Number of protein chains: 2
Amino acid sequence: MNIGEIAKRAGVSRSTVSYALSGKRPVSAATVRRINDVIAELGYRPNASARALAEGRTRTFGLVIPPASTRLTDVQLEFVASVVEAAAVHDHDVLLSPSGGDHDRSFERIVTGRRVDGVILMEILLADPRVDRLSQAGLPFVTIGHVEHPGASWWVDVDYAGLISRCVRHLADLGHQHVVLINRSDELVAAGYGPALRSTAGFLEAAGQRGLTAHNVCCADDPAAGLACFEQIRERWPGVTAAVTINEAALPGVQRALHRAALDVPRAFSLTGVIADRLAEDFYPPLTAADVPARQMARLAVDLLLEQINDPSATPRHALLEPAITLRSSTGARHG
Amino acid sequence: MNIGEIAKRAGVSRSTVSYALSGKRPVSAATVRRINDVIAELGYRPNASARALAEGRTRTFGLVIPPASTRLTDVQLEFVASVVEAAAVHDHDVLLSPSGGDHDRSFERIVTGRRVDGVILMEILLADPRVDRLSQAGLPFVTIGHVEHPGASWWVDVDYAGLISRCVRHLADLGHQHVVLINRSDELVAAGYGPALRSTAGFLEAAGQRGLTAHNVCCADDPAAGLACFEQIRERWPGVTAAVTINEAALPGVQRALHRAALDVPRAFSLTGVIADRLAEDFYPPLTAADVPARQMARLAVDLLLEQINDPSATPRHALLEPAITLRSSTGARHG
DNA sequence: TTGTAGGCGTTATCAG
DNA sequence: CTGATAACGCCTACAA
């Protein structure tokens, strides 16, 4: 079932059918009706590959996600779903590529096979080979997170440094003097993972300004590590009365540790950080936190990508989001 | 950069380049070398759309996931990642389509635009319009889960009825006499969601055989509902000493309810069910449960799909997996 | 072992 | 307003 068949049955030329469909040149109302009738009857839909070949665009985005071995966090997951949704709004499809390094086959297929019009890159590192690969290939792309020296590039990110600073100041205002940052894993920090490093910077800076005693602790991305990490913190620094975190995956373990130590939150201990709202709300008690606006970021990323695709010479834009900190019930005045 | 350019620089015809790449006809070693050198130098990769158009196959699968509004569970997520990974092994890409009903645009684009060679359909209902749509379109597909009367179709599923039965018998062996099934949401049951219905059937049957008092309770897919649900159960049926569940999303709430009621697991209460292994292990205490083998299911689904694509007249096959129940620490003899 | 040429299904240019 | 016709880049008979 191709456009020629439709043309034949409607008694017009193929180009007329094409134009009737795209509206790129006027077609008489009567002809359009006839064509539409035939199309409806035969259930015709243009062949995407042929169209892509002729148009030079695939109407498809590539979305590079962390490899399957890495457990996706809640925000990441929501982000993926939201990207697909946002793309669908613009009648675009999304091709998934789970890849870490740049020698990945599926990544290469996407970059170089002209299967996509642009790429959204999740979870980038401060120095990321994939970013270089993409700019070298001349393929439009938007990163979630930004490299160390973004220069002129397209990205959307959350201001981890700023948000963590605000969390610390919030705790300082409540009288806390000894605080800790439960960070992402050692490996991520070593690899140069922006959010982890920027959170550390914001944490130490704000703590310094307010004269707090502060410790930055890395914690693997799973509940067991969260539990162990929290217990170590309590042991090493018994005076700590509040924690800030960006490690969502560790939260269930932190919850268990709090229970086990019979620490009442927020009376005996305060907890806050940058956390997906759903997780913040599922915590007990609900966490005062900066909710990562995953849906909004996804929409923004798609918009930026489309802008770039439609006008390759456009000046690169970016967005550094600083969502509000939602006050819930996990932070309170220091009593310890 | 196209095949013609390579041919020119290598001093051969385009077909020779094509054959050198595909290996579908012998090419002299010297020529192959020359061609490969040029390709390496220019970084050429064939245009996927052109190839798809010529070959009549896209080397791409469609993966239909629940819409973004529905929160993806842990198993579902792992499944998505695993499908992409399994597809990559066969040099295939995966196009995502988040859709519930069958009037979905992205679903239609995939089905009818010949963008994919086949489709993997997650989370199907006992009577699912998308299944009809796909078979009508003549597009190869594999469902995760099976419709009410699968007849001759391709699917892979977990034997929920059998597994839940085994859980119940396990509890009966431990002396429990009053058990409850914490099921998925009302809406899913009403919509005809197979796992929920089959779990109910297996639960009631096994309970009947062993003469247990049994209740089937629906619970929305989130922690808050899990908490409320568990407390209602305790209130309505104080004699219940054990629960079986397939509702992963509700688990954190159940955990909280257990804590709140100061119920020691497994001394005072036993809990088991069909649960992703990671979640089972993150529970406190770790759950005795039938681990859903998401990775294996993904690999199987991809294999079945490829088999079907490569031989459209192949006899439909399916796989009903019955993973072992892993004994962890959440079930014990009844003391209540 | 290699080259020529037609076709895959669209879009877009150029005439009418 | 509408029809021919040439791309788009690759694959694959058919010839040599």
Side-chain angles (χ1 to χ4, degrees), chain A residues 1-36 38-39 42-60 91 93 109 111-117 309-310, chain B residues 1-36 38-39 42-60 91 93 109-117 137 139 310:
Chain A
M1 181 54 41
N2 58 31
I3 206 174
E5 186 71 13
I6 304 295
K8 195 184 300 172
R9 303 220 192 186
V12 295
S13 73
R14 290 179 314 178
S15 49
T16 299
V17 176
S18 177
Y19 284 118
L21 249 34
S22 71
K24 290 187 183 174
R25 93 179 179 190
V27 176
S28 80
T31 310
V32 169
R33 279 258 325 245
R34 203 143 27 94
I35 291 173
N36 282 338
V38 177
I39 286 179
L42 302 192
Y44 162 80
R45 291 289 310 269
N47 178 310
S49 303
R51 192 217 282 252
L53 182 58
E55 276 191 315
R57 56 181 301 197
T58 59
R59 294 161 193 272
T60 303
D91 278 319
D93 287 315
R109 264 206 310 279
V111 172
T112 190
R114 273 150 296 182
R115 304 179 67 86
V116 301
D117 299 334
I309 289 168
N310 293 330
Chain B
M1 181 54 41
N2 58 34
I3 206 173
E5 186 71 14
I6 304 295
K8 195 184 302 170
R9 304 221 190 186
V12 295
S13 74
R14 293 182 315 179
S15 55
T16 300
V17 176
S18 177
Y19 285 119
L21 250 35
S22 71
K24 289 189 181 173
R25 95 177 177 189
V27 177
S28 80
T31 311
V32 168
R33 279 253 331 240
R34 203 144 26 94
I35 290 174
N36 282 339
V38 177
I39 286 179
L42 302 191
Y44 163 80
R45 293 288 311 265
N47 179 308
S49 303
R51 192 218 281 253
L53 182 58
E55 276 191 312
R57 54 181 302 196
T58 60
R59 294 163 194 271
T60 303
D91 277 318
D93 286 315
R109 263 204 312 278
I110 282 191
V111 172
T112 190
R114 273 149 296 181
R115 302 180 67 85
V116 301
D117 299 334
L139 195 59
N310 293 330

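Side chains included, hydrogens not; waters and symmetry mates left out as well; all remaining heavy atoms used. Bear in mind the structure is a predicted one, so any value in this text is a computation, not a measurement. Letters A, B, ... are given to chains in the order of the sequence lines, protein chains preceding strands, and every chain is numbered from 1.
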A:T58 (side chain) donor-acceptor with A:R115 (main chain) under 3.5 angstrom: yes

Which nucleotide of DNA chain C is the first, and which the last, in the 5' to 3' direction, to come under 4.0 Å of a heavy atom belonging to chain B? C:dT1 to C:dG9

Side-chain donor or acceptor of A:R14 paired with backbone N/O of A:A7 under 3.5 Å: no

Side chains of A:M1 and A:R45, heavy atoms from C-beta outward: is any pair under 4.5 Å? no

Counting only non-hydrogen atoms, which of residues 20-29 of chain A are less than 4.0 Å from DNA chain C? A:K24, A:R25

Taking the side chain as everything from C-beta on, heavy atoms only, tell me whether A:L21 gets closer than 4.5 Å to A:Y44. yes

Apply salt bridge (Lys or Arg N to Asp or Glu O under 4.0 Å) to A:R9 and list each qualifying residue two or more places apart in sequence or on a separate chain. A:E5

Which residues, if any, of residues 1-14 of chain B bring a heavy atom under 4.0 Å of DNA chain D? B:N2, B:I3, B:R14

Just wondering, do B:N47 and B:N2 contact through their side chains at under 4.5 Å, heavy atoms? no

Contacts table for residues 26-33 of chain B: side-chain donor-acceptor under 3.5 angstrom, sequence neighbours left out:
| from | atom 1 | to | atom 2 | distance (Å) |
| --- | --- | --- | --- | --- |
| B:S28 | OG | B:T31 | N | 3.2 |
| B:S28 | OG | B:T31 | OG1 | 2.6 |

Can you confirm whether B:I6 sits close enough to B:L42 that some side-chain heavy atom of one is under 4.5 Å from a side-chain heavy atom of the other? yes

Partners of B:R51 by salt bridge (Lys or Arg N to Asp or Glu O under 4.0 Å), sequence neighbours excluded? none

